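Every value quoted in this text rests on a predicted model; they were computed, and no experiment measured them. First the proteins, then the strands, lettered A, B, ... as listed; each starts at 1.
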Amino acid sequence: MTITINGTEFQVPADPRVSLLDLLREHLHLSGTKKGCNQGACGACTVLVDGERMLSCLALAVQYDGRSVTTVEGLAPDGELHELQAAFIEHDGFQCGYCTPGQICSAIGMAEEVRRRVPRNVTADRRPRRSRSAPRSCGSG
Amino acid sequence: MIPFSYARAADPADAVRRGGEPGARYLGAGTNLVDVTGLSTAIEERPDGGLLIGAATRNTALAEHRVVRERYPMLARAILAGASAQIRNMARCCDRAS
């Protein structure tokens, strides 16, 4: 069983208990994706699976056999920046930066949802669609 | 950590058989054991005007389905009111609400 990560195929770990997040960080040393809460609440572990945003801490790696995962490391070719990464830098869009990879992957997933016209609830105060990783320090914009 | 084995159900009968094994649990998006995400994700219109929704249908797919949005808008809004986009992209109808 293999998972494609940033364009390269890797073996799914034999132990089914390995989360997708631990596969990325501990097995493949792709430490861009962060373990903030490890229980699906913070969004810092957000990656793109076949272009859709998902929480890697809640995913068993073995469930993603045959799927294609993009992490923050894979958003742009080596040495280059995805335009959203460049925008975060230009507009000072982070403080410590720990949740930023998750924010960026989530926002890219959100942009795809907008493109696909996935509906959202509009709240009474018409708050914009959120990217769901919004710690107090960086604010929700 | 407690070791466990993982299996993906090939069809509903397989899911029921495997789920009957001692200690087995069903897995939709994310906890453990018999993975039922390979079951039906179809949303089919019935002759009587209803909808048949596959147990493995993802929340996002259900909420964005044209017929659901047109005829069952409360269902779509209820789904969208829950969790986060990431979780809705992963969670299946058969997942137990926590």
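- For a residue to count as touching a neighbouring chain, one of its non-hydrogen atoms must lie under 4.5 Å from one of that chain's; by this rule B:Arg58 touches chain A with the side chain only.
- For chain A, no part of B:Arg88 is nearby; none of its heavy atoms comes within less than 4.5 Å.
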For A:Phe10 and A:Ile3, run side-chain contact (heavy atoms from CB on, under 4.5 Å): C-alpha distance rounded to whole Å, both residues' side-chain angles, the deciding distance at 0.1 Å, then the answer. CA-CA 5 Å; A:Phe10 295 95; A:Ile3 301 178; 5.5 Å; no

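- Chain B forms more heavy-atom pairs under 4.5 Å with one residue of A:Arg116, A:Arg17, A:Glu52 than with any other, namely A:Arg17.
- Across A:Leu24, A:Asp78, A:Ile5, A:Leu30, a single residue satisfies side chain to side chain contact (heavy atoms under 4.5 Å, CB included) together with A:Glu73, and that is A:Leu30.
- Dense packing is recorded around CG of B:Asp48, with more than 12 heavy atoms of other residues, nucleotides or ligands lying under 6.0 Å away.
- Counting non-hydrogen atoms of neighbouring residues, nucleotides and ligands closer than 6.0 angstrom, the CD atom of A:Glu83 reaches no more than 12 such neighbours.
- Looking at B:Ile2, only its backbone comes within 4.5 Å of chain A, counting heavy atoms on both sides.
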